[in-house]
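Here's the structure we're looking at; comments come further down.
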Amino acid sequence: MNPLVPIIGKISKIVDETPDTKTFHVTTSNGKPFTPLPGQLAMVSLPAVGEAMFSISSQGDDHLEFSIKKVGMLTEALHDAEVGQEIGVRGPYGNGFPLDFCKGKDMLFIGGGIGLAPLRSLINYCVANREDFGNLQVIYGARSPADLCFKEELFETWPKVRDMRVDVTVDKGDENWQGNVGFVPAFLEQLNPSPEGKVTVTCGPPIMIKFVLQSLAKMNYQPDNIITTLEMRMKCGVGKCGRCNIGSCYICLDGPVFTLTQLNQLPNEY
Amino acid sequence: MNQITQEMRNLAKQLLEEEKVQLVMGWEKGSFWYNSTPVFVSKVEDVDKLIWDEFCAANLATYLLDDRFSDEKIALFVKGCDSRAVNRLVQDKQVKRENLYLIGIPCPGMKSAKAAKELGQETKEELPLEDKCIYCTHHNPLVYDILLGEEVALDDIAATAEVSRFEGVEEIEAMTPDERYAYWQDHYSRCIRCYACRNVCPACNCTECCFDLGQTWLERDVTPTGNQVYGIIRAFHVAGRCIECGECERVCPMDIPIMKLNRKIAKDIEELYGPYEAGLDTETPPPLGHYKTEDPDEFM
Amino acid sequence: MKGIKKSQLSNFLQQVSAKYSLYVPAQVDGVTRFQKYSSEREPFLTANTQLSPKELFFPQTEQLYCYETHKQEVKVEELAASSEPQVLFGVRPCDMQAIGVLDDVFLGKGYEDVYYRAKRANTLIIALACSQAEATCFCDSMGVDPAFAPQADLMMYETEDGYLIEALSDQGKDFLQEFSSALEELRSEKPQAPACELKAETDGLVEKLQKMFEHSVWAELSRKCINCGTCTYLCPTCHCFDIESKTRGGKEVKFRCWDSCMYKEYTLMAGGHNPRPTKKERVRQRFLHKLQYMPERYGKWGCVGCGRCIDKCPVNLDITKVIRELREVEA
């Protein structure tokens, strides 16, 4: 098995999430390319354009989902692709979320913008294995109502799940927006969920994570119970090509998921 | 210690103490007797690192690009070639002349570190000049705020006096296209694309380089053809701005005669547009940077 | 001890090259590197090569696979990793140590690199003990014995009349058997290991560096670096690579090529964020990778003391000097 060669999958469905984010369902003739753990990564490639690492934002029985924001050449080309387009996929890579550690506990998910994509794999896992987890709460924010990803799940699916609540905020509302307006860290402090028996998983823009962590510390959340997932430029995905290391840790192998305790021991270079 | 070294240290101390500059760029002794390397002095207690000897070949002007947007006052030691690089950078508005304090040092030509390493210390007195110094036409700094030492006359430097600026270029011109292709293919096939030539070059002042944009200009696979394309694009990009300091060729770990290409282009420019040497002043517009109605137009 | 008389060396090499793909250090087109042996090509054995033997296992550019695209369809065609049996003659102990480092990286930690393995598994290495140290050599500071390469298949020692040769591995023993007719009993003794004049004091270095990530010394040390890739490309252990594609018509080749932590775009992300934006972070990465991260992750130095970077760095950013300065400053 050559870990650098992709399997060929097909885009079976494209969901427009926001003006600059789409979710791609990828399948193969044998069903989903592989079965990843929540939080794991995969290399996605479009011939002649390039290859990059993405978090797998969810999976179904026969497909993987990638939620991709348009930021560069490859993602722009992916946004131009249509259903039926064949693409390369290889993986799964990385450690994924620590499921055993989370089981039996209340789960708090704090996401910002496209940062909800990696969390979504775990949220949907918790929903699918509902009895294994305590209460579920999602706190999510985006720049504007139009920039909210996964609207169907946020406003339809998840709120109907037993003992699950979803709180959404936007930096700036519009004429139809009825929900909260404000940044995620302030919203979090305002909601003030208790740290008791809870595992928190957060992902979003670096500036949001920075202030969310400050808020969580203020609210007495312990670093062992705070989990985040990192992003670095990657090429091989299997710990050979260099570049994605933080200290002696390779994010493609040893990450992308770290507890805050682990993160605090790594050099600040991400 | 030689007198210039002493004067360098005194001057650096004075400039830093009087807070006329925040940083002094000069040379210090390297790991071996045959190399002297850039040093950056911002504390008075470090001025004794500064030296001047026959191995101070590095062109320090390149480092001005690291700080091109700061308003720090910098003192910089300049040989003839280095001063031309400063003129070019000022002319290209990469650095502000008023932020620089230029300390000129007339240069009799630097000794070849490569030869020194091979021949050993006992030959120190008879070492050949660095190649780049052999065809040097400006041993004295062209711009400076203060000059250390005495100006040197070109004729006094025997190795240089008889060598023309375009020495060796005729050899290439005399080749048939096939011979010329084979010549460059031989040399560029060993290029490892480390980009030392680009990174050391004071004319390579783009903040984003075309070779850093992935596949857009040149793929990253290292092939003899790709390497030649790299060499040619670079030569064209610095055409008319190359101050002929020869740093590209000096730092090339694969000993590719890069300056032969640059000097061929400089020669072509002279033949097409008349006498021109880049960086002699900050006023003369570079021939490829402006349009004149009498410019040759045989391509039309 | 068995060996090869100097006058018989080319005879021996010819015999080997008749059966195997033989690579020897040689000077070709103005550069010394490991080259396919030919009888007109005198092996270069007076010093180490400019380019390290890593390119034989990990070439600067290597094709990985082909893609073919037609409308929405994509076809992948794997390229067979090359696997010609080869013999490497004259690898120095520092470079042999470096090959051991590459083995750990490419063959360990859960994933095997099939391209590297295909070449490495098919290679027999004859190491050559150093009888003198160059001014830039400091391998004995990095735990390398300049006169012995335990990871090689065979060890060779240059003496006055020839090259003593001994087998270190089973493959090495078989090889000696195979070419026993080319060997004769030499009377000379194994030479003494040379001592390197250049030194690097490495005791306690890892522990000290673990506390120095945020140290101001990195800004000073990196000041003169021009962020070219010379040190990393000449380094026998540096193994970072990029994966890119080359398109000709509808056919695309995916290849990998050496990359360097010295380059800005090495860690630049598509959105514009760069965790190592200036030369301070990049220079720090290079030295910490060799002197802290590799020991932490693989239990060995990422530097073998070959001195190539010291010799060729355009600005003489000397790793032994860097180590000295890192030791001198307060953590």
Side-chain angles (χ1 to χ4, degrees), chain A residues 1-11 43 45-52 69-76 81-88 93 114 205-206 230-250 252-254 265-270, chain C residues 64-65 67-69 71-76 78-79 81 105-106 108-116 210 213-214 232 238-247 250 252 254 256 259-261 265-276 281 284-285 288-289 292-298:
Chain A
M1 169 71 193
N2 185 343
L4 295 184
V5 178
I7 3 180
I8 296 304
K10 190 178 272 188
I11 298 176
M43 274 284 184
S45 53
L46 256 190
V49 184
E51 188 176 44
K69 184 173 168 167
K70 203 161 32 162
V71 288
M73 270 175 21
L74 173 66
T75 51
E76 270 174 35
E82 289 170 6
V83 169
Q85 172 69 48
E86 292 191 328
I87 61 171
Y93 298 125
I114 188 66
L230 300 179
E231 199 183 17
M232 294 285 269
R233 182 175 168 95
M234 297 180 193
K235 284 289 178 172
C236 73
V238 292
K240 316 287 185 205
C241 80
R243 99 189 63 228
C244 77
N245 73 302
I246 300 174
S248 54
C249 237
Y250 279 80
C252 64
L253 286 183
D254 313 321
Q265 284 159 2
L266 292 178
N268 183 13
E269 194 176 48
Y270 41 85
Chain C
L64 303 178
Y65 56 91
Y67 259 128
E68 216 168 326
T69 61
K71 290 185 180 160
Q72 288 193 320
E73 273 172 45
V74 180
K75 252 188 260 152
V76 166
E78 276 203 53
L79 296 166
V105 171
F106 284 110
K109 298 278 176 205
Y111 290 93
E112 272 202 350
D113 187 281
V114 302
Y115 308 94
Y116 182 88
Q210 284 166 342
F213 187 82
E214 303 285 0
T232 53
C238 272
H239 52 266
C240 289
F241 60 85
D242 187 12
I243 299 178
E244 293 284 348
S245 32
K246 190 174 180 120
T247 309
E252 180 191 24
K254 274 278 175 199
R256 70 170 163 201
D259 204 350
S260 173
C261 58
E265 73 272 32
Y266 177 71
T267 47
L268 178 67
M269 311 222 293
H273 175 63
N274 194 343
R276 296 184 203 134
E281 293 83 15
R284 177 174 62 191
Q285 163 65 20
L288 287 184
H289 190 206
Q292 180 196 337
Y293 306 157
M294 285 296 289
E296 284 175 344
R297 200 171 173 82
Y298 294 99

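For the numbers below, each heavy atom of this structure counts, side chains included, while hydrogens, waters and symmetry mates do not. Reminder, nothing fancy here: chain letters follow the sequence lines and each chain counts from 1.
Of all the listed residues (C:Leu288, C:Leu268, C:Asn274), the one sharing the greatest number of non-hydrogen pairs under 4.5 Å with chain A is C:Leu268. Ranked by heavy-atom pairs under 4.5 Å with chain C, the first of A:Leu4, A:Val238, A:Leu74, A:Leu46 is A:Val238. Among C:Glu73, C:Lys109, C:Lys71, the residue making the largest number of heavy-atom pairs under 4.5 Å with chain A is C:Glu73. Counting heavy-atom pairs under 4.5 Å between each of A:Gly239, A:Gly88, A:Pro206, A:Gly84 and chain C puts A:Gly84 at the top. Chosen from A:Cys236, A:Pro3, A:Pro6, the residue pairing most often with chain C at heavy-atom distances under 4.5 Å is A:Pro6. Between chain C and the residues A:Cys241, A:Pro267, A:Ala81, the most heavy-atom pairs under 4.5 angstrom are made by A:Cys241. The candidate from A:Val71, A:Ile8, A:Val5 with the greatest count of non-hydrogen atom pairs under 4.5 Å with chain C is A:Val5.
Counting heavy atoms from C-beta outward, C:Glu281 and C:Arg284 have side chains that approach closer than 4.5 Å. C:His289 is listed as a side-chain neighbour of C:Met294, based on a closest heavy-atom distance under 4.5 Å. Between C:His239 and A:Lys240, the closest side-chain pair of non-hydrogen atoms is not below 4.5 Å.
Every residue meeting the side chain to side chain donor-acceptor pair (under 3.5 Å) condition with C:Asp242, not counting sequence neighbours, appears here in chain and number order: A:Lys235, B:Arg220. Shown here are the side chain to side chain donor-acceptor pair (under 3.5 Å) partners of C:Gln72, two or more places apart in sequence or in another chain: there are none.
When each of C:Tyr115, C:Tyr111, C:Tyr65 is paired with A:Asn2, the side chain to side chain donor-acceptor pair (under 3.5 Å) condition holds for C:Tyr115 and for no other.
What you find for A:Gly242 and C:Cys240 is that their closest heavy atoms are CA-SG, 3.7 Å.
Only the backbone of A:Met1 comes within less than 4.5 Å of a heavy atom in chain C; its side chain stays farther off. Contacts of A:Cys244 with chain C are absent, with no heavy-atom separation under 4.5 Å from either backbone or side chain. Of the atoms belonging to C:Gln285, it is side-chain heavy atoms, and not backbone ones, that fall under 4.5 Å from chain A. Only the side chain of A:Leu253 comes within contact range of chain C, judged by heavy atoms closer than 4.5 Å. Heavy-atom distances place the side chain of C:Asp259, and not its backbone, under 4.5 Å from chain A. Both the backbone and the side chain of C:Tyr266 have a heavy atom closer than 4.5 Å to some heavy atom of chain A. Heavy atoms closer than 4.5 Å to chain A are found in both the backbone and the side chain of C:Ile243. Only the side chain of C:Glu78 comes within contact range of chain A, judged by heavy atoms closer than 4.5 Å. Of the two parts of C:Tyr116, neither the backbone nor the side chain holds a non-hydrogen atom closer than 4.5 Å to a non-hydrogen atom of chain A. Only the side chain of C:Val114 comes within contact range of chain A, with at least one heavy atom under 4.5 Å from a heavy atom of that chain. For C:Glu214, the part sitting under 4.5 Å from any heavy atom of chain A is the side chain, from C-beta outward, and nothing else.
Relative ring orientation between C:Phe106 and C:Phe241 is described as parallel, the plane-to-plane angle staying below 30° on a 0-90° scale split at 30° and 60°.
How far NE2 of C:His273 is from CE of A:Met232: 7.5 Å, rounded to the nearest 0.5 Å.
More than 12 heavy atoms of other residues, nucleotides or ligands shown are found within 6.0 angstrom of CD on A:Glu86.
With hydrogens and angles disregarded, no donor-acceptor distance shorter than 3.5 Å links the side chain of C:Arg276 to the backbone of A:Glu269.
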